[in-house]
Amino acid sequence: MTSHDTEVYTVAPEMPAMFDGMKLAAVATILYIIVRCLNLKSPTAPPDLTYQDTALNRFLLKSCPLLTKEYIPPLLWGKSGHLQTALYGKLGRVSSPHPTGLRKYLPMQDGATATFDLFEPLADHQSGADITMVICPGIGNHSEKHYIRTFVDHSQRQGYRCAVLNHLGALPNIELTSPRMFTYGCTWEFAAMVGYIKKMYPQTQLIVVGFSLGGNIVCKFLGENRANQERVLCCVSVCQGYSALRAQETFLQWDQCRRFYNFLMADNMKKIILSHRGSLFGGGSPKMVDADLRRLYTATSLMQIDDNIMRKFHGYSSLKEYYEKESCVHYIHNVNVPLLLVNSADDPLVHGSLLTIPRTLAEKKENVIFALTLHGGHLGFFEGAVLFPQPLTWMDKVIVGYANTICQWEKQKPACQSQGAHAAETKCSDSSS
């Protein structure tokens, strides 16, 4: 090197490498959060079933394979109970049909007017019989909700007539005719609808279906009076909580964002009640006063609304009495028709401690099957390959599949009963293969 030469050193910068490491760490963190939030590592599995070993239950499990096969939700988001619940809550269903029905109006003894929508079958039922689904929707819901429309359309195509109760006060274009609206466990309107169907269709048999709050109402209805179970082939309840008294404590917890869902449902209930403020609070209603209306505006939970408004529709002296008297947990053991109780383990609205009620019931009563899916959220149960869900859900298909199997059992039962007990069980069991 000469004296005129200048030695040049190139120093590799350290900062970009550090930034690359930070980017990599950020991406890894985001992926970890996504995997955790979407529960992507959770396996798929068949429903966890609790039941007694009887000829009917064996027949059901052989003839309704959805109860024993894996429920596979959409790959990217379907294992998140929150996203399943959010999609149900926001959209209801994807590409939901528009079944055409007739709206019926039934005057009640207290001046209220119950309404329900009646949809005739679009095909003959596979059993050849006249079968009517009597359906009770979830809280504040009615026949125009997308998940109800999807289920009704599917049931019609399978040969079922469908009668869907519109909860008192839930339809935005139907005014209340008395100072009362639907409550957690009042069965009056559902009983009126069932009575109408039995009278107008004396040959029909009934499949009773309840979603969420509707599940509580239908199980309570069947258990209140043995006569309510006449001409009922079976009952299916999906995503109900069984005991409002036990559920109220869990709704104040932030676990699974339950307190947030409580706030959202309370806000929706406030909107429904305020849309009928003239009927509920005006006209000198003896049950409601201006102070109740002021408390309603400041309520942030369902319990506050139930205590200040809902319990007073039926004159309950306390919130505890209201929840005790309106929960099906005190009536469901009286239900003797085949009963399918469906819940999801990742339902953010129904705490796991409440599921000891259906599980214990299925262990004690041979007519009950309790099916607990690993995924599905609250009334979600979407199916699909990766991202986009299918229009029909696992819930829609399993209810109709269970109902079809019960109808098939009823059709062959006389032949089975004409033989000896052992021979009958063999024939019935073999026919399901």
Side-chain angles (χ1 to χ4, degrees), residues 108-112 114 136 138-140 167-170 176-192 210 212-225 228 240-253 258-259 262-263 265-274 276-334 349-351 353-354 357:
M108 307 294 290
Q109 289 185 350
D110 66 344
C136 193
I139 183 170
H167 284 300
L168 200 60
L176 293 176
T177 57
S178 76
R180 179 175 69 84
M181 58 181 288
F182 77 91
T183 58
Y184 178 69
C186 179
T187 60
W188 296 353
E189 290 78 49
F190 188 76
S212 191
L213 172 141
N216 178 74
I217 288 176
V218 300
C219 289
K220 182 172 177 280
F221 166 75
L222 292 175
E224 283 176 335
N225 191 325
N228 292 344
Q240 70 151 306
Y242 306 96
S243 171
L245 189 63
R246 289 168 60 174
Q248 68 163 334
E249 299 173 1
T250 69
F251 262 116
L252 296 175
Q253 300 169 359
R258 205 167 288 108
R259 184 66 180 86
N262 187 4
F263 174 79
M265 290 189 293
D267 188 60
N268 186 56
M269 278 299 300
K270 279 200 284 189
K271 292 176 182 176
I272 295 175
I273 295 171
L274 291 173
H276 298 288
R277 65 166 67 87
S279 301
L280 297 175
F281 298 93
S285 172
K287 296 178 181 178
M288 299 296 167
V289 295
D290 290 341
D292 296 322
L293 184 58
R294 289 195 296 271
R295 294 190 191 98
L296 175 65
Y297 280 113
T298 59
T300 59
S301 72
L302 285 175
M303 283 69 75
Q304 290 173 327
I305 295 175
D306 289 341
D307 194 21
N308 293 313
I309 306 293
M310 308 305 285
R311 68 173 177 84
K312 296 179 181 180
F313 289 138
H314 294 281
Y316 292 112
S317 60
S318 67
L319 185 63
K320 180 179 180 182
E321 182 189 16
Y322 169 66
Y323 284 157
E324 284 279 2
K325 296 286 181 65
E326 300 232 337
S327 294
C328 76
V329 67
H330 304 296
Y331 303 89
I332 198 169
H333 59 277
N334 296 325
L349 304 187
V350 180
H351 193 272
S353 62
L354 299 170
I357 297 171

Just to verify, what does D110 make a side-chain hydrogen bond (donor to acceptor under 3.5 Å, both in side chains) with, not counting sequence neighbours?
R180

When you look at N308 and L296, which way does the side-chain contact (heavy atoms from CB on, under 4.5 Å) test go after all the steps?
CA-CA 7 Å; N308 293 313; L296 175 65; over 6 Å; no

Taking all non-hydrogen atoms of both residues into account, name the closest pair between [X] and [Y] and its distance.
X: C219; Y: I332; answer: SG-CD1, 3.9 Å
X: C328; Y: Q240; answer: SG-OE1, 3.2 Å
X: A299; Y: I305; answer: CB-CG1, 3.7 Å
X: R295; Y: D292; answer: NH1-OD1, 3.1 Å
X: H167; Y: C136; answer: CE1-SG, 3.5 Å
X: Y297; Y: K270; answer: O-NZ, 3.3 Å

Are K320 and E324 within salt-bridge range, i.e. N to O under 4.0 Å?
no

Going by salt bridge (charged side-chain N to carboxylate O under 4.0 Å, His left out), name the residues that satisfy it together with R246, two or more places apart in sequence or in a different chain.
none

Relative to the ring of F190, is the ring of F221 parallel (under 30°), tilted (30 to 60°) or perpendicular (over 60°)?
perpendicular

For E326, does its backbone N or O pair with a side-chain atom of N216 as donor and acceptor, under 3.5 Å?
yes

Given side-chain contact (heavy atoms from CB on, under 4.5 Å), test M181 with F313 step by step and report yes or no.
CA-CA 8 Å; M181 58 181 288; F313 289 138; 3.4 Å; yes

Quick one: do C186 and I217 satisfy side-chain contact (heavy atoms from CB on, under 4.5 Å)? Show the steps, please.
CA-CA 7 Å; C186 179; I217 288 176; over 6 Å; no

Distance-only donor-acceptor check, side chains D306 and Y323, under 3.5 Å
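Their side chains do contain a donor-acceptor pair, which is all the 3.5 Å distance test asks for.
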
